[in-house]
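One structure is given below, encoded as structure tokens.
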Amino acid sequence: MTDVARVGVVGCGLMGSGIAEVCARAGRDVVVVEATRAAASAGRERIAGSLARAVASGRLTAADRDAALGRISVTADPARLADRDLVVEAVAEDERAKLEVFALLDQVVERRDAVLATTTSSLPVIRLAAAVSRPEQVVGLHFFNPVPVLPLVELVPSLLTGTETLRRAHAFASEVLGKEVVRARDRAGFVVNALLVPYLLAAVRMAEHGRASAEDIDRGMTLGCAHPLGPLALADLIGLDTVQAIARSLYAEYREPSYAPPPLLARMVDAGRLGRKTGRGFHTYGARGGGAMREDEGVVATAAGPTRPAGGRRDGEQTT
């Protein structure tokens, strides 16, 4: 069983809003903190939109939607996190930003044995634990987008994570949220991204060297290997800036050439061609990625972003 009744989330982008939603749908009281009032308002609209699509697809009743929304408060005041039993950091994949969040949580969260979790997809958890006076309470809980749909959570203890913290985090993810949990050692990339990102980078290098077009690289993997989405389309969906950030973290950890970001990836990020969220990456999309993915389109994800299933449909959520 778990004693986590009050949850905090820092950051209300795609990941943070998804985490807040699943926690509220699981009956937990949720406080979400954003940097500004405007960001907080946008975050609440993002959550409300996702819940509305769940109702429209028949996956959620209107009464359950209203109940979930009633359990969520979105604010720009970090002091609202003081009484939380578990807080999940879900800001951008930037070490400095995450360290600032954990230093703040150490000051604000009053319960000394509160679980302080990070959704980092590539940074070593121990570096974030070093920012607090209670490193035994820090653990990695890496969710996958879209959070309301995908069943996986990577549970990542650092060398200093306490046994009880690990037990409580696992119980919360599996028993409360109904997620499938895999435990990973605290090495950059954990399980999924350590396997996936070199594959994506290899596809970028293939395009960079002119061995095949982006379209043919993706068609080769979807038609020849039955992948639901080609590697360059998947990189676009994840966000090329996010792929670059993860690759840099992996390369800093392992110093293996397969993890090094290719020059083409860096140039595209510098040019603002980040993929679906900007309308152009290795492929060109509609207005800013074509808008939200409908609830009935269905998505599954491999690592940081979703792909369409090879067979059958599942209920989907907003991906950009």
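Reckoned from all heavy atoms, side chains included, excluding hydrogens, waters and symmetry mates.
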With a 3.5 Å distance limit and no angle check, can you tell me whether Asp186 reaches the backbone of Val156 through a side-chain donor-acceptor pair? no
Do Pro262 and Leu201 come within less than 4.5 Å of each other through their side chains, counting heavy atoms only? yes
Are Val88 and Val91 connected in the hydrophobic side-chain network, where two residues link if heavy atoms are under 4.5 Å apart? no
Given 3.5 Å as the limit, does a donor-acceptor pair link the side chain of Arg44 with the main chain of Leu69, or not? yes
Okay, side chain of Arg6, backbone of Asp83: is any donor-acceptor separation there less than 3.5 Å? yes
Same apolar cluster (I L V M F W Y, side chains within < 4.5 Å links), Leu264/Ile246: yes
Interatomic distance, Ser41 atom OG to Arg46 atom CZ [nearest 0.5 angstrom]: 10.5 Å
Does the Arg168 side chain pair with the main chain of Asp113, one donor and one acceptor, at a distance under 3.5 Å? yes
Any salt bridge (Lys or Arg N to Asp or Glu O under 4.0 Å) involving residues 210-235? Give me the pairs, sequence neighbours left out, ordered by first then second residue. Asp216-Arg219
Minimal heavy-atom distance between Ala76 and Arg37, with the atoms involved, is CB-N, 3.8 Å
Path from Val115 to Leu104 over hydrophobic side-chain contacts below 4.5 Å: no
Selection residues 259-281 - residue pairs positive for ring-ring contact (aromatic ring centres under 6.0 Å, His included), sequence neighbours left out: Tyr254-Tyr259
I'd like to know if the side chain of Lys179 and the backbone of Val147 have a donor-acceptor N/O pair within less than 3.5 Å. yes
Of all residues at least two apart in sequence or in a different chain, which pass the ring pair (Phe, Tyr, Trp, His ring centres under 6.0 Å) check with Phe102? none
Can you sort out the partners of Thr120 under side-chain hydrogen bond (donor to acceptor under 3.5 Å, both in side chains), two or more places apart, ordered by chain and number? Glu93
Answer yes if Leu128 and Leu141 sit in the same cluster of Ile, Leu, Val, Met, Phe, Trp and Tyr residues linked by side chain heavy atoms under 4.5 Å apart, and no otherwise. no
For residues Leu274 and Val269, determine if any side-chain heavy atom of one lies less than 4.5 Å from a side-chain heavy atom of the other. yes
How many angstroms lie between CZ in Phe190 and CG in Leu250, if you round to the nearest 0.5 Å? 9.5 Å
Backbone N/O of Val182 and side chain of Glu180: donor-acceptor pair under 3.5 Å: no
Considering all heavy atoms, the nearest Thr278-Gly272 contact: OG1-O, 3.4 Å
Hey, could you give me each pair passing salt bridge (Lys or Arg N to Asp or Glu O under 4.0 Å) that has a residue in residues 129-147? Not counting sequence neighbours. Asp106-Arg134
Is Met268 close to Val204 at the side-chain level, that is, under 4.5 Å between some pair of heavy atoms? no
Using atom types as modelled and distance alone, determine if a side-chain donor or acceptor of Glu34 lies under 3.5 Å from a backbone N or O of Cys12. yes
Holding to salt bridge (charged side-chain N to carboxylate O under 4.0 Å, His left out), I want the full list of residues that pass it with Arg28, two or more places apart in sequence or in another chain. none
Check: Thr118 and Leu123 side chains under 4.5 Å, non-hydrogen atoms: no
With side chains defined as the heavy atoms from C-beta onward, is the minimum distance between Leu160 and Val138 less than 4.5 Å? no
For Arg112, give me all partners under side-chain hydrogen bond (donor to acceptor under 3.5 Å, both in side chains), at least two apart in sequence or on another chain. Ser133
Please report the interatomic distance CG(Asn145) to CG(Leu14), rounded to the nearest 0.5 Å. 4.0 Å
If you take all heavy atoms of Val32 and Val30, which pair is closest and at what distance? CG2-CG1, 3.9 Å
Which residues pass the side-chain hydrogen bond (donor to acceptor under 3.5 Å, both in side chains) test with Tyr199, sequence neighbours left out? His227
Hey, does Leu51 have a side-chain heavy atom less than 4.5 Å from the side chain of Arg25? yes
Check Pro148 against Val22 and note the closest heavy-atom contact, atom names and distance. CA-CG1, 3.5 Å
Does the pair Leu150 and Leu152 meet the rule for a side chain to side chain contact (heavy atoms under 4.5 Å, CB included), with working shown? CA-CA 6 Å; Leu150 297 184; Leu152 184 65; 5.7 Å; no
Please report the interatomic distance CG(Leu155) to NE2(His142), rounded to the nearest 0.5 Å. 12.5 Å
Within the structure provided, determine whether Pro157 and Arg183 are in side-chain contact (heavy-atom separation under 4.5 Å). yes
Quick one: does Asp85's side chain have a donor or acceptor within less than 3.5 Å of a partner on Ala5's backbone? yes
Would you confirm whether Thr165, through its side chain, and Thr161, through its main-chain N or O, come within 3.5 Å as a donor-acceptor pair? no
Same cluster for Leu86 and Val31 if Ile/Leu/Val/Met/Phe/Trp/Tyr side chains link at under 4.5 Å? no
Grab the two heavy atoms, one from Val125 and one from Ser158, that are nearest each other, plus how far apart they are. CG1-CB, 4.1 Å
Heavy-atom closest contact (Val181 atom, Ala173 atom, distance): CG2-CB, 3.8 Å
Quick note, salt bridge (Lys or Arg N to Asp or Glu O under 4.0 Å) partners involving residues 63-75, not counting sequence neighbours, are none
Can you tell me if Glu89 uses its side chain to pair, donor with acceptor, with the backbone of Val10 under 3.5 Å? no
Measuring from atom CG of Leu265 to atom CG of Asp270, what distance do you get when rounded to the nearest 0.5 angstrom? 9.5 Å
Should we count CG of Leu159 as having more than 12 external heavy atoms under 6.0 Å? no
Summary of salt bridge (Lys or Arg N to Asp or Glu O under 4.0 Å) pairs that have at least one residue in residues 155-166, sequence neighbours excluded: Glu164-Arg167
Is there a side-chain contact between Leu166 and Val139 (heavy atoms, below 4.5 Å)? yes
Please set out all donor-acceptor pairs under 3.5 angstrom arising from side-chain atoms of residues 228-241, sequence neighbours excluded.
residue	atom	partner	partner atom	Å
Asp236	OD1	Phe282	N	2.9
Asp236	OD2	Phe282	N	3.1
Asp236	OD2	His283	N	3.0
Asp236	OD2	Tyr285	OH	2.7
Asp241	OD1	Lys277	NZ	2.8
Asp241	OD2	Lys277	NZ	3.1

Contacts of Arg187 that satisfy side-chain hydrogen bond (donor to acceptor under 3.5 Å, both in side chains) - sequence neighbours left out: Glu253
